[in-house]
Trainee: 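So that we are looking at the same thing, I have put the structure below in structure tokens.
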Number of protein chains: 2
Amino acid sequence: MPAPKFEQIYKQIKTEIETGIYRNGDYLPSEHSLTARFDCTRNTVRRALAMLEAEGYVLPLHGRGVQVIYIPQSDKSLFTIGGIESFAEAAERNNIKYSTKLISFELIKADEKLSLQTGFDIGEELYLIKRLRIFNGKAIIYDTNMFLRSETEGLTVEIAKQSIYQYLERELHMTITTSRRRVAAEKATREDKRYLDLGRADFVLSVTGQVFNSRGIMFEYTQSRHVPDRVTFIESAVRQKI
Amino acid sequence: MPAPKFEQIYKQIKTEIETGIYRNGDYLPSEHSLTARFDCTRNTVRRALAMLEAEGYVLPLHGRGVQVIYIPQSDKSLFTIGGIESFAEAAERNNIKYSTKLISFELIKADEKLSLQTGFDIGEELYLIKRLRIFNGKAIIYDTNMFLRSETEGLTVEIAKQSIYQYLERELHMTITTSRRRVAAEKATREDKRYLDLGRADFVLSVTGQVFNSRGIMFEYTQSRHVPDRVTFIESAVRQKI
DNA sequence: GCCGATTTGTCCGTATGTATC
DNA sequence: CGATACATACGGACAAATCGG
């Protein structure tokens with residue numbers, strides 16, 4: 001089963017924008033000619049363009065054409081978060097070497113307070129895993145993950161020391177489909193100060209999220225506490241027409 | 001010209017989810033029956049559902065149905081940022097009274113450094129406007145806006161004291177279409193400390209963004225520095241199928 | 001395990017409207 | 001005004017996943 005056509009087109013055009021074949025301010029070829037180029041209908045081309053629009057690569061202008069608004073970012077921060085990525089994937093994309101230190105690995109039950117915070121049902125068994133992410137000898141991310149036991153059976157300390165997502169995807173054949181993220185700046189806790197290399201900062205950038213699998217079950221609640229100035233969080237938004 | 005059909009459907013279903021007619025874990029009626037209900041084709045229904053998916057309200061499950069994954073957030077923070085909103089709109093949505101204090105209003109020219117930071121061309125004339133947002137007597141947001149003069153002619157101190165977006169949309173008939181945002185936690189500067197009611201915190205949540213109008217011109221660069229713990233930034237993401 | 005009904009996923013082709021040039 | 005380009009919407013075909021009998 002090959003990748004869907006609209007996705008191939010999306011990736012192709014995205015690559016052409018990123019490599020500078022189409023530059024900021026340029027217009028893409030018209031939908032009509034893209035239709036000819038990719039041998040498909042306008043609907044399919046438009047779907048690919050909609051994805052590029054959602055990611056802030058292009059801006060369709062009624063009656064004129066589809067303008068490229070991609071400005072390559074000279075990003076100084078270590079991490080760029082956007083979309084769904086595991087830590088390992090982000091590190092790879094950012095071309096960074098890292099190591100992971102397992103702080104703790106427990107099996108707990110969700111009480112009422114935790115249920116309210118995370119969205120897990122009361123009484124559910126959860127793996128509570130805390131890990132430290134280390135770059136160049138500096139601890140810059142403190143991850144707390146809670147996995148629904150019933151969906152992630154077989155999780156071990158050994159796996160937690162490596163990549164949990166790799167285990168879920170390759171061994172359990174789980175597909176991660178969607179997540180919701182919240183970003184907030186928070187005062188550093190005692191735990192943060194103990195584990196993270198905060199330097200003179202006494203605050204962290206906290207990213208929490210719920211992750212769903214392809215069966216529609218929320219199987220993970222995650223909180224990442226980042227040393228500030230090392231992370232940027234990027235989104236692009238399209239204004240609702242009123 | 002009425003609102004497009006797919007948008008009406010999107011809003012209707014969204015409201016029904018938010019008011020609890022469909023609850024977390026429920027399945028929406030099938031696309032087929034929604035087609036009947038809204039008297040349109042499946043394509044149109046699917047477009048509305050795609051919007052709800054992108055916002056993290058629902059999760060379509062192949063062969064099963066469209067599951068609601070909306071968990072009402074008991075949000076303690078004052079502001080919830082997501083999508084494109086002016087400050088005034090966000091305040092209204094969050095049902096909050098506020099006032100604005102104009103700090104400065106200048107006309108400047110973009111130099112090389114500023115050009116690199118903002119994306120404006122070197123030599124462009126910009127309105128540089130700094131404003132303070134105040135709630136219940138506390139200054140919690142420090143806004144710095146740069147508007148391209150050629151696109152926002154007629155901007156005055158008086159307008160800056162009110163809502164600039166209202167002026168742009170109602171008077172200049174400008175349409176804001178898309179924006180890209182970056183979120184980062186940063187150490188408070190002397191300016192932050194001077195103007196913001198930071199309490200014991202010595203850091204801010206910085207949100208920067210570029211805003212485009214419907215002619216494809218980036219006419220605004222904006223930076224908002226928020227008192228932490230008052231803001232949450234929410235996004236939902238859908239994982240790329242690999 | 002198979003089969004058929006249901007449901008979502010992809011894609012096609014077409015028609016009409018609207019903005020720009 | 002006509003040509004071009006994007007926007008919305010219709011209707012239909014087939015594929016793929018799920019579920020119940």
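A note on names: the letters A, B, ... follow the listed sequences, proteins ahead of strands, and every chain is numbered from 1.
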Trainee: Round to a whole Å and report the spacing from OH of B/Tyr27 to P of C/dT6.
Mentor: 18 Å
Trainee: Does D/dC1 have a Watson-Crick or wobble partner in any strand here, with both distances under 3.5 angstrom, and which is it?
Mentor: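 Pair assignment: D/dC1 / none.
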Trainee: Testing the 3.5 Å rule here: is there a donor-acceptor pair between the side chains of B/Glu158 and B/Gln162?
Mentor: no
Trainee: Could you state the CD1-C1' distance from A/Ile9 to C/dT10, rounded to the nearest angstrom?
Mentor: 12 Å
Trainee: Pair B/Tyr10, B/Glu55 - check side-chain hydrogen bond (donor to acceptor under 3.5 Å, both in side chains), show working.
Mentor: CA-CA 11 Å; B/Tyr10 152 77; B/Glu55 292 189 25; 2.5 Å; yes
Trainee: Taking NE2 from A/His32 and P from D/dA7, how many angstroms apart are they, rounded to a whole number?
Mentor: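 My rounded result for the distance is 16 Å.
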Trainee: Pick the nucleotide of DNA chain C nearest each of A/Arg42 and B/Leu61; which residue has the one closer to the 5' end?
Mentor: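 The 5'-side residue here is B/Leu61.
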Trainee: Round to a whole Å and report the spacing from CD of B/Glu7 to P of D/dA7.
Mentor: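 Roughly 13 Å, once rounded to whole Å.
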Trainee: Are A/Lys130 and A/Asp143 close enough for a salt bridge, meaning some N to O gap below 4.0 Å?
Mentor: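 No salt bridge links A/Lys130 with A/Asp143.
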Trainee: So, does A/Thr44 get its side chain near the phosphate of C/dT10, meaning an N or O under 4.0 Å from OP1 or OP2?
Mentor: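 Answer no for this pair, as no side-chain N or O of A/Thr44 is under 4.0 Å from OP1 or OP2.
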Trainee: Please report the distance, rounded to the nearest Å, between CZ in A/Phe6 and P in C/dT10.
Mentor: 4 Å
Trainee: Once you round it to whole Å, what is the distance between P of D/dA5 and CG of A/Leu49?
Mentor: 14 Å
Trainee: Specify the separation, in whole Å, of atom NZ of B/Lys5 and atom C1' of D/dA7.
Mentor: 15 Å
Trainee: Pairs of donor and acceptor atoms involving the side chains of residues 20-28 of chain B, under 3.5 Å and at least two apart or interchain, shall be tabulated with distances.
Mentor:
{"residue": "B/Asn24", "atom": "OD1", "partner": "B/Tyr70", "partner atom": "N", "Å": "3.4"}
{"residue": "B/Asp26", "atom": "OD2", "partner": "B/Arg23", "partner atom": "N", "Å": "2.7"}

Trainee: Any side-chain donor paired with an acceptor under 3.5 Å for A/Glu151 and A/Asn213?
Mentor: yes
Trainee: Base of D/dA16, side chain of B/His62 - is there a donor-acceptor contact under 3.5 Å?
Mentor: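 Present.
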Trainee: Does C/dT10 have OP1 or OP2 sitting under 4.0 Å from an N or O in the side chain of A/Arg47?
Mentor: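 Affirmative; the distance criterion is met.
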Trainee: Which of these nucleotides, D/dC6, C/dG9, C/dC11, is closest to any side-chain atom of A/Glu31?
Mentor: D/dC6
Trainee: Both A/Asn43 and A/Arg64 contact DNA chain D. Which one's nearest nucleotide lies toward the 5' end?
Mentor: A/Arg64
Trainee: When the distance from CZ of A/Phe38 to C1' of C/dC12 is rounded to whole Å, what number comes out?
Mentor: 18 Å
